[in-house]
Amino acid sequence: MTSAELRSFSAYRLSDWQRGYESLNTEYSYAIDQVEGEIPANLRGTLFRNGPGRLDLNGQRFHHPFDGDGMVCAITFEDGQAFFRNRYVRTEGFVAESAAGKVLYRGVFGTQKPGGWLANAFDFNFKNIANTNVIYWGDRLLALWEAGLPHELNPATLETVGLSTVGNVLQSNETWSAHPRIDPGGLGAEPRLVNFSLKVGLSSQVTLYELNPQNQLLQRKTFEMPGFSFIHDFAITENYYLFFQNPVAFNPFPFMLGWLGAGQCIEFKAQDPTRIWIVPRKGQGKARVVETDSCFVFHHANAYEVGETIVVDSISYAQFPALDPNADYAEVDFDALPEGQLWRFHIDLNQTKVTREVLVERCCEFPTLNPQQMGRPYRFAFMGTSHAAAGNAPLQGLLKLDLHSGTQTVWSAAPYGFVSEPIFIPKPDAAAEDDGWIAMPIYEAQGHRTDIALFDAQAIETGPIARLKLKHHIPYGLHGSFVPQVF
């Protein structure tokens, strides 16, 4: 779609966007027989995706989609063909609520049990909803939710095996982040899975883990941040872990008394700085902290070192994009909320000084890159983006950023298409960093169904090289991953 065509119509109708948040109550398993274009013959492997699939229960809508039960999808590619399967994670809470036919648990983001505040007061028993990410590591498929243990799934059938301690690395009462990073290794070094757990209170304890491909623990390290922390993601370089401690405060009393969900009790402190914690990956060096002007970060694209400087590229917001606790999330006024933008932070390790700049002003989220560049200098980033070049709006397109030239290339699915997280898949014989494919779900409001779009990552402006047309929609998802195995 040309720039003139992009400007020629209204980008979206709110009612079209809203339908993408309808529950999908059926579990499917079928060969995808409707394809526009051609699936590359050398694309082989499995794309896993996770996100909230059940968003209501017998007439009670969940207060926020992040409270929805996790549904994992698998799209398997082989010999120019594709196969789709979806299945809910059979968490303890999902099974109990399905049997009862009603909400039995409070949600972190505002879903309450029936019965008003009296029925919810002093109930701190959260449901592990396993709805945020899904990874395959150490011959195990894990559905992740950052406030609890992972759930192991059968990678062929997606049936739930049960809670996982990741090869006995975790204790039964520990949590595990839904944003692990995979250090690609290289030069004879094996890849490593790097992840963290977070315990919050008057201070916040962070425990870091590094695992080899056999799920053996290579390193465990703990440090503390003074004060409350809301940390959804982190970044790594070859020598450091990086955590952004967003300037927020937590008032527990409305949550304790059953008035609000825990996530609704977070207050952004615009007058306070954002703290960046720099933790050595090697040796016994202590964590140190630097400060930058107030901002809120959900997701990091990548980080790397240049001499004594660390570069971190992050999707940042001018403030926490909180919704009115009494508002319907489906009636959101996008114009009233800050948009995410890609910012670059330069951390001078000698002067403990931070400078920053905006790389992408256009509304964007869910950054991805060639996984071989994780924690290393890189040239290309891909992310979901809005149709309009300014202001906040639903994600409707794919943006490619050339970090060397600053060139931004955008393809839009507007006015009826709404996108979820893109995933970069390197080609088997890749000769360049962007020599691969982008896989991205597109919810098509006109047909109330979802396409899995495949792009040539070197030419996204030409549109998808294949659109795999599913027989139904998939509610907007969160995160996923691609592995070369065919299950």
Rounded to the nearest 0.5 Å, how far apart are [atom1] of [X] and [atom2] of [Y]?
X      : Y      : atom1 : atom2 : value
Glu78  : Thr46  : CD    : OG1   : 9.0 Å
Leu369 : Asp434 : CG    : CG    : 12.0 Å
Leu141 : Tyr136 : CG    : OH    : 8.0 Å
Asn50  : Ile135 : CG    : CD1   : 11.5 Å
Gln458 : Glu433 : CD    : CD    : 10.5 Å
Leu454 : Ile438 : CG    : CD1   : 10.0 Å

Are side-chain N/O atoms of [X] and [Y] paired as donor and acceptor at under 3.5 Å?
X      : Y      : value
His151 : Thr160 : no
His473 : Glu444 : no
Gln396 : Tyr443 : no
Arg54  : Ser98  : yes
Asp402 : Thr407 : no
His479 : His179 : yes
Gln112 : Tyr105 : no
His232 : Glu146 : yes
Thr91  : Asn128 : no
Glu22  : His448 : yes
Ser314 : His300 : yes

Is the NZ or CZ atom of Lys127 positioned over Phe94's six-membered ring, under 6.0 angstrom from the centre and within 45° of the axis?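 No, Lys127 and Phe94 do not form such a contact.
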Is the Lys NZ or Arg CZ of Arg61 less than 6.0 Å from the centre of Tyr329's six-membered ring, within 45° of the axis? yes
Are the side chains of [X] and [Y] in touch, meaning some heavy atoms are under 4.5 Å apart?
X      : Y      : value
Ile460 : Val410 : no
Met71  : Pro475 : yes
Thr409 : Leu399 : no
Ile310 : Thr237 : yes
Arg449 : Gln34  : yes
Arg467 : Ile452 : no
Phe234 : Leu242 : no
Phe109 : His63  : no

Result of checking Phe77, Tyr30, Phe48 against Phe84 for ring-ring contact (aromatic ring centres under 6.0 Å, His included):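 Among Phe77, Tyr30, Phe48, the one that satisfies the ring-ring contact (aromatic ring centres under 6.0 Å, His included) with Phe84 is Tyr30.
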Determine the sole option in Tyr378, Phe382, Phe380 for which the ring-ring contact (aromatic ring centres under 6.0 Å, His included) test with Phe424 is passed.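 Exactly one candidate clears the test, Phe382.
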Test of ring centre spacing under 6.0 Å for [X] and [Y]:
X      : Y      : result
Phe196 : Tyr209 : no
Phe244 : Phe345 : yes
Phe366 : Tyr476 : no
Tyr317 : Phe298 : yes
Trp411 : Phe455 : yes

One thing to verify: whether [Y] and [X] come together as a salt bridge, which I'm taking to mean a side-chain N less than 4.0 angstrom from a carboxylate O.
X      : Y      : value
Asp233 : Arg181 : yes
Arg344 : Glu357 : no
Asp33  : Lys469 : no

Steps toward side-chain contact (heavy atoms from CB on, under 4.5 Å) verdict (Gln264, Asp324): CA-CA 8 Å; Gln264 297 172 307; Asp324 181 343; over 6 Å; no
Intermediate values then yes/no, side-chain contact (heavy atoms from CB on, under 4.5 Å), Val312 and Trp343: CA-CA 8 Å; Val312 191; Trp343 294 9; over 6 Å; no
Output yes when a side-chain donor or acceptor of [X] lies under 3.5 Å from a complementary backbone atom of [Y], and no otherwise.
X      : Y      : value
Arg140 : Pro155 : no
Asn86  : Thr26  : yes
Asn246 : Val248 : no
Gln408 : Leu359 : yes
Asn392 : Asp335 : no
Asp183 : Pro191 : no
Asn302 : Met374 : no

Nearest heavy-atom neighbours spanning [X] and [Y]:
X      : Y      : answer
Gln319 : Pro338 : O-CG, 3.5 Å
Thr274 : Pro247 : OG1-CD, 3.2 Å
Glu361 : Val358 : CG-CG1, 3.7 Å
Ala143 : Val89  : CB-CG2, 4.0 Å
Ser29  : Arg85  : OG-NH1, 3.1 Å
Ala322 : Leu337 : O-CD2, 3.4 Å

So does Phe66 have more than 12 non-hydrogen atoms from other groups sitting under 6.0 Å from CZ?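 Not more than 12 within 6.0 Å, no.
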Are there more than 12 heavy atoms of other residues, nucleotides or ligands under 6.0 Å from atom CD of Gln81?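 Atom CD in Gln81 is not crowded, with 12 or fewer foreign heavy atoms closer than 6.0 Å.
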Let's go through Arg356 and Cys295 carefully: what are the C-alpha distance in whole Å and the side-chain angles of both, what is the deciding distance for side-chain contact (heavy atoms from CB on, under 4.5 Å) to 0.1 Å, and is it a yes or a no? CA-CA 11 Å; Arg356 67 189 193 185; Cys295 63; 3.7 Å; yes
Audit row: Ile425, Leu43, side-chain contact (heavy atoms from CB on, under 4.5 Å) steps and yes/no: CA-CA 9 Å; Ile425 305 171; Leu43 173 55; 4.0 Å; yes
Would you call the rings of Phe230 and Phe296 parallel, tilted or perpendicular if under 30° counts as parallel and over 60° as perpendicular? perpendicular
